[in-house]
Amino acid sequence: MSDAPWVYIEDIGQHDGKTVTLKGWLYNRRSSGKLHFLLLRDGTGILQCVVFKKDVTPETFALADHLPQESSLIVTGTVRRDERAPLGYELGVTQLELLQQAEEYPITPKEHGVAFLLDHRHLWVRSARQHAVLRIRAEVVRACREYFDTRGFVLFDSPILTPAACEGTTTLFETPYFDEKAYLTQSGQLYVEAGALAFGKVYCFGPTFRAEKSKTRRHLMEFWMVEPEVAFMDLAGDMDLAEDFVASIVARVLATRRRELEVLERDIGVLEKVRKPFPRIAYAQALELLRDKGVSVEWGADFGADDETAISSSFDRPVLVHRYPIECKAFYMKADPADPRVALCVDMLAPEGYGEIIGGGQREDDLETLRSKVRQHGLPEDAFGWYLDLRRYGSVPHAGFGMGIERVVAWLCGLPHVRETVPFPRMLERLRP
């Protein structure tokens, strides 16, 4: 084969007029007499490679006419500018090497059902649409880390295996742990509270698990969450942080992943409206808004998916709903001194019906109050002894939140379901592949 330099398709514009080598897989193929058009993908992009009969050997020309989809190839040729091409370039092929001839590929250009595609998720992720979604996901993750890393937050990894519940005992995945029982974490929050009292401001980022028997378009059994926690921060500061964080992520995706948004046919104008300040309404105001829309929710009830959609439909950017009734929030939420019926908590609801993307608030920092809440919720006090210690030794007001990556990606991409936002989704009836 040629000694031409190996380059990636995303960098093809830097090699106009030069001879290069590409390594990838056949995405699609069509022929027209003395021409074969091979669409080659290499993970960074898709490029049309033109095999002209007079430019290659008869054997090479014949080979290009019978290549199955997803066969792995090494292609050498000259880079040519072509304004009609998506990347503005094509490759005039001079050499072609077949590394592996693929068997008949199960995912063809025709329409397939979602169940079939999920059964073949390991192959589905090769498609252009899934590339766009997962590149946006990677950008969101990168933006999250850079946001906190450049603002003095310390990454504070929380454990996956925990001895007790964080978000309620009914949604725990239980697993044997030698002579004990352990549970897959529902949130890293309790542990990052320890980090906040050690380092001032920290965050954790990793998978979390909820054994919710839910088939809604917003739920997965395993999802990724980023959770900052800050010592000496109150609810107002927490809302400021959440607002700035989400606004920065949206701006980052718009700046760096516009091409992927266009592949998904996302209405970019909707995302461009996501700028600070975000509207903020108390739970009581949200109830009034719902009543005006003909939706009846009793005071004290948490909002369901339809309620959240109705609330968010009144705004063109995320809305912060704060001070929910304390009985519908987790045991660690601090009551509002001005109205003990409500918690110093906040949910951020994304527009367009995507629901809650952030949940957080100020934590209970009084030892005896927290101990009482642990008992009231029927939680094992021995498993929370270390957590109560945080209130014994230098307790301070502190706050934080958790943001679910999959829901944010679904919203940014305009997807109808979160199952496409992670490489291998875990749902109620899907553990494979």
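Treat the numbers as computed from the prediction; the structure is a model and nothing was measured.
- Within 6.0 Å of CZ in Arg432 there are 12 or fewer heavy atoms belonging to other residues, nucleotides or ligands.
- The number of heavy atoms from other shown groups lying within 6.0 Å of OH (Tyr8) does not exceed 12.
- Qualifying side chain to side chain contact (heavy atoms under 4.5 Å, CB included) partners for Ala335, counting only residues two or more places apart in sequence or in other chains: Ile326.
- For Phe173, the CZ atom counts as densely surrounded, since its 6.0 Å shell holds more than 12 non-hydrogen atoms of other residues, nucleotides or ligands.
- A cation-pi geometry, defined here as NZ or CZ lying under 6.0 Å from the six-membered ring centre and within 45° of its normal, does not hold between Arg323 and Tyr283.
- For the ring pair (Phe, Tyr, Trp, His ring centres under 6.0 Å) test, residues two or more places apart in sequence or in another chain that qualify with His112 are Phe116.
- Nearest heavy-atom pair across Tyr354 and Ala410 is CE2-O, 3.5 Å.
- Surrounding CZ of Arg259 are at most 12 heavy atoms belonging to other residues, nucleotides or ligands under 6.0 Å away.
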Practice task
Go through the steps to decide whether Leu220 and Met427 satisfy the test side chain to side chain contact (heavy atoms under 4.5 Å, CB included), and finish with yes or no.
Solution key: CA-CA 5 Å; Leu220 295 173; Met427 297 181 289; 3.5 Å; yes
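- Proximity of a side-chain donor or acceptor of Asp42 to a complementary backbone N or O of Lys23 within less than 3.5 Å is not detected.
- Taking 4.0 Å as the cut-off between side-chain N and carboxylate O, Glu352 and Arg266 count as a salt-bridged pair.
- For Phe156 and Phe148, the ring centers sit 6.0 Å or farther from each other.
- Around CG of Asp306, the count of heavy atoms belonging to other residues, nucleotides or ligands within 6.0 Å does not exceed 12.
- Looking at Asp240, Asp336, Leu344 one by one, the single match for side-chain contact (heavy atoms from CB on, under 4.5 Å) with Leu235 turns out to be Leu344.
- Shortest non-hydrogen contact noted between Arg317 and Arg275 is NH1-O, 2.9 Å.
- Atom CZ of Phe424 sits in a crowded spot, with more than 12 heavy atoms from other residues, nucleotides or ligands closer than 6.0 Å.
- Shown here is Lys181, whose NZ atom has no more than 12 heavy atoms of other residues, nucleotides or ligands within 6.0 Å.
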